[in-house]
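First up is the structure itself, then whatever we jot down about it.
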Amino acid sequence: MFEPLSKTIQEVVNFTWPMILISVVVLVSLRVSYFIKYRKEKKFVFYKELLMLSFVIYIMCLFQVVTFQDDTWSANNFIPFREIMRYNVGSRLFFKNVMGNIIMFLPYGFFASYLLKNKKISVAFILTVIASFSIELVQMMIGRVFDVDDIILNVCGGCLGFLIYYLIDKLWYKLPKVLRRESVLNIFSVIILVLVVLVIIGI
């Protein structure tokens, strides 16, 4: 079941890894220089830095994925659910074009809600519609196609991302104080980072 999704993720990683590597080196070096210069005034919190780095890298990967030239489509789609209904559930194209569009915007809903401390799904909904509509409009202008179904799926992903943030936020203060310490969160962030790198290398 998850093999088609794994292959789709592999394609994205193979396509974006040069940009990710360069971006990480540039951004990390800039932030390290910043904290060295302002070490007496600014406090370094690893997990917060990792979240912000992840958000920037995500946006750059999103830009690269949605703007590369794709010759597999030839016509715009303004009819809701027409393209979604073309795919058999569980097929390779279903995971790539349906689940892929949902998963692609899940981080957007999470990060946007985290940065804004947003507690309303309507805000995540509107922000995702704006971002997704902008992408589809630009795709149509650069020789790709406009697909209203992509907007629908992206919005579903953005709202799911919001729900993940909302659930974490609700459970946050119910956790023992020891688990909310910066040192614990930093260690937890390192573990997640190592796991993500291992998964990407192992794909």
Side-chain angles (χ1 to χ4, degrees), residues 2 4-20 22-24 27 51-166 200 203:
F2 294 103
L5 185 59
S6 176
K7 288 182 178 179
T8 299
I9 295 174
Q10 181 181 11
E11 290 175 2
V12 173
V13 171
N14 291 339
F15 178 64
T16 60
W17 77 261
M19 183 273 299
I20 293 174
I22 294 171
S23 300
V24 167
L27 292 171
L51 278 172
M52 291 306 300
L53 177 63
S54 299
F55 179 60
V56 174
I57 296 301
Y58 162 73
I59 292 298
M60 296 181 74
C61 287
L62 181 64
F63 168 80
Q64 188 172 10
V65 169
V66 302
T67 57
F68 85 100
Q69 293 300 314
D70 185 357
D71 298 327
T72 60
W73 299 100
S74 58
N76 297 314
N77 172 39
F78 301 102
I79 303 175
F81 303 107
R82 186 174 72 177
E83 292 298 327
I84 293 175
M85 300 304 293
R86 291 178 57 217
Y87 309 113
N88 295 321
V89 176
S91 66
R92 172 90 167 91
L93 288 176
F94 174 83
F95 278 100
K96 181 177 181 179
N97 296 309
V98 177
M99 296 303 297
N101 272 295
I102 293 174
I103 293 172
M104 183 169 64
F105 260 77
L106 193 150
Y108 184 80
F110 175 85
F111 283 121
S113 299
Y114 169 76
L115 293 172
L116 297 174
K117 305 303 177 187
N118 171 44
K119 303 297 191 299
K120 297 181 179 180
I121 195 169
S122 58
V123 174
F125 177 88
I126 292 171
L127 290 174
T128 308
V129 168
I130 292 172
S132 184
F133 181 81
S134 299
I135 288 172
E136 294 303 313
L137 191 61
V138 168
Q139 285 182 332
M140 184 169 62
M141 295 170 65
I142 63 173
R144 294 187 61 177
V145 298
F146 182 102
D147 189 350
V148 69
D149 284 356
D150 284 353
I151 297 177
I152 294 172
L153 295 170
N154 293 162
V155 169
C156 289
C159 290
L160 282 175
F162 162 80
L163 292 175
I164 292 173
Y165 164 77
Y166 185 80
I200 291 176
I203 287 179

Check whether any side-chain heavy atom of [X] lies under 4.5 Å from a side-chain heavy atom of [Y], and answer yes or no.
X	Y	result
Asn76	Met140	yes
Leu27	Ile57	yes
Phe105	Leu160	no

Exercise. Are more than 12 heavy atoms from other residues, nucleotides or ligands located less than 6.0 Å from atom OH of Tyr166?
Worked result: no

Exercise. Should the heavy atoms of other residues, nucleotides or ligands under 6.0 Å from CZ of Phe15 be counted, would the total exceed 12?
Worked result: yes

Exercise. Is there a donor-acceptor pair closer than 3.5 Å between any side-chain N or O of Asn154 and the backbone N or O of Ser132?
Worked result: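 No.
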
Problem set entry | Check: Gln139 side chain, Val66 main-chain N or O, donor-acceptor pair, under 3.5 Å | yes

For this session: Before giving the answer on side-chain contact (heavy atoms from CB on, under 4.5 Å), spell out for Ile20 and Cys61 the whole-Å C-alpha distance, their side-chain angles and the decisive distance to 0.1 Å.
Result: CA-CA 7 Å; Ile20 293 174; Cys61 287; 3.5 Å; yes

Closest approach of [X] and [Y], non-hydrogen atoms and distance?
X	Y	answer
Thr67	Ile142	O-CD1, 3.6 Å
Val155	Thr128	CA-CG2, 3.6 Å
Leu127	Ala112	CD1-CB, 4.3 Å
Phe146	Leu137	CD1-N, 3.9 Å
Ile152	Pro80	CD1-CB, 3.9 Å
Ala124	Ser113	CB-OG, 4.2 Å

For this session: Mind running side-chain contact (heavy atoms from CB on, under 4.5 Å) on Met104 and Val65 for me, showing each step along the way?
Result: CA-CA 10 Å; Met104 183 169 64; Val65 169; 4.2 Å; yes

To the closest 0.5 Å, what do you measure between [atom1] ([X]) and [atom2] ([Y])?
X	Y	atom1	atom2	answer
Trp17	Ser23	CH2	OG	12.5 Å
Cys159	Leu106	SG	CG	10.5 Å
Glu136	Asp150	CD	CG	4.5 Å
Arg144	Ile135	CZ	CD1	10.0 Å
Leu93	Arg86	CG	CZ	8.0 Å

Enumerate, atom names and distances included, each donor-acceptor pair closer than 3.5 Å involving a side-chain atom of residues 114-122, sequence neighbours excluded.
unit_1, atom_1, unit_2, atom_2, d
Asn118, OD1, Lys120, N, 2.9
Asn118, ND2, Lys120, O, 2.8
Lys119, NZ, Lys117, O, 3.4

Exercise. Which of parallel (below 30°), tilted (30 to 60°) and perpendicular (above 60°) describes Phe55 and Phe111?
Worked result: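 Tilted: the ring planes of Phe55 and Phe111 meet at 30° to 60°.
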
Problem set entry | With Asn77 via side chain to side chain donor-acceptor pair (under 3.5 Å) - residues at least two apart |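 Asn77: side chain to side chain donor-acceptor pair (under 3.5 Å) contacts with Arg82, Asp147.
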
